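Below is one structure, written out as structure tokens; comments come after it.
Everything quoted here is computed from the prediction, not taken from an experiment.
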Protein chains: 2
Amino acid sequence: MPTVSSEELAAAAGVNSAKLRKDFSYLGSYGTRGVGYDVEYLVYQISRELGLTQDWPVVIVGIGNLGAALANYGGFASRGFRVAALIDADPAMAGKPVAGIPVQHTDELEKIIDDNGVSIGVIATPAGAAQQVCERLVAAGVTSILNFAPTVLSVPDGVDVRKVDLSIELQILAFHEQRKAGEEAEAQAVAEATKDSGKGPDGDVPAVMPA
Amino acid sequence: MPTVSSEELAAAAGVNSAKLRKDFSYLGSYGTRGVGYDVEYLVYQISRELGLTQDWPVVIVGIGNLGAALANYGGFASRGFRVAALIDADPAMAGKPVAGIPVQHTDELEKIIDDNGVSIGVIATPAGAAQQVCERLVAAGVTSILNFAPTVLSVPDGVDVRKVDLSIELQILAFHEQRKAGEEAEAQAVAEATKDSGKGPDGDVPAVMPA
DNA sequence: CGGTGTGAAGAGCTTCACAGCA
DNA sequence: TGCTGTGAAGCTCTTCACACCG
């Protein structure tokens, strides 16, 4: 498949084709009228724009279950990320290989970051250690941090932090699950009301509709 | 602090106070004019609306590093989630306790879900196993799935799936990181141009501005 | 003809500004 | 007086619709 139309891509992605074309147009005019987009060229342009064509050395601090899971995660390599080092505060972990990479002690943190030109750090430590680790990362030159610890990190201007809270997604599911149950109950109540009397459902469910 | 104003909450959250009041108003009129919101009552109402006051039994399928990390994750219990069971396909794992819960074999999946009235399942298996596990969960009565496996799951209507891709957040950081670098380079180029000749930067950077 | 690129219309979300109530 | 709740204005993002080009 050498070319693809905005209509096809939009159907595959579940969005409107006009939106897709408009979004692409911000990257430049890479399509051909009457034909569509050259797949290979488009992939390259999007990859370049997203930074996938670069090599991003990353350090992971805190090699517990989560840190190990991240180190083993295959998705990183394919998106331009390279795990430059695994760092843990436990001296017993030092030297132990995880995902084929030997764990290094926290003492080495500054040197590792400097030697590898690391600008992105991942924090997978317990909550108590996160802020301190964060400060050391920033002081050593890291300007983007992905935080898995359940704490809000404070950082100086110019440093980006993204927080991943594994329970938030569950909470969103639970929210919708609750809605499903509520709607059933409401539908049932309406049915009852229709069958029995003129009284409707108690109407206490507010009109909230999040993503 | 028994009450709090929309202004205070907005400042803490980094949003506009009018937006906060409007959002709250969708849940009902829980504030008092001239005073603010009763903290305890507000917390309760928001918790109830979000479903945090309910008990949600959850099963985690696939007890590798990630599954173990999830099982150990403290944030679940405090948000109304209860890990009803850990399930793995490896018979060697069966009976082994993870986070104090004995791992059970996949054979038990249907029974566990039925016995515990589970409606939310977490998939932390390798990509290859995910779709099959998903189908068994759905057949057994699960209607919400949180998918950590790097695969797109297909499910029947009425089943919610949320996919967590651990590398996407990194990619967003890398994107901004690239922008930072690009802006520096551009600023430098502009400085050069100003200093040397009339020729500007090559102007190939398109005007994209994602979240 | 077929499909992109885009001005214009439309929808939804955010902010303003203030009436109204404790 | 002080702060909520909310109509209206403003803004951004999405979709429509079509000129234009290969």
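- Computed from coordinates, the B:Leu20 CG to C:dT15 C1' distance equals 13 Å when rounded to whole Å.
- Residues that satisfy the side-chain contact (heavy atoms from CB on, under 4.5 Å) test with B:Asn16, not counting sequence neighbours, are B:Ala18, B:Lys19.
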Item to complete: For each nucleotide in nucleotides 2-8 of chain D, reading 5' to 3', give B when a protein heavy atom comes within less than 4.0 Å of its base, S when such contact involves only the sugar-phosphate, and - otherwise.
Response: BBBBBBB
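- The OH-P distance, from A:Tyr26 to C:dT6, rounds to 10 Å in whole Å.
- Remark: A:Ala77 pairs with no residue by the side-chain contact (heavy atoms from CB on, under 4.5 Å) rule, at least two apart or across chains.
- Under the ring-ring contact (aromatic ring centres under 6.0 Å, His included) criterion, A:Phe148 pairs with no residue, sequence neighbours left out.
- Close to D:dT14, at under 4.0 Å from its OP1 or OP2, lies a side-chain N or O of A:Lys19.
- Under the side-chain contact (heavy atoms from CB on, under 4.5 Å) criterion, B:Ala127 pairs with B:Pro150, B:Thr151, sequence neighbours left out.
- In this structure, A:Glu7 has no salt bridge (charged side-chain N to carboxylate O under 4.0 Å, His left out) partners at least two apart in sequence or on a different chain.
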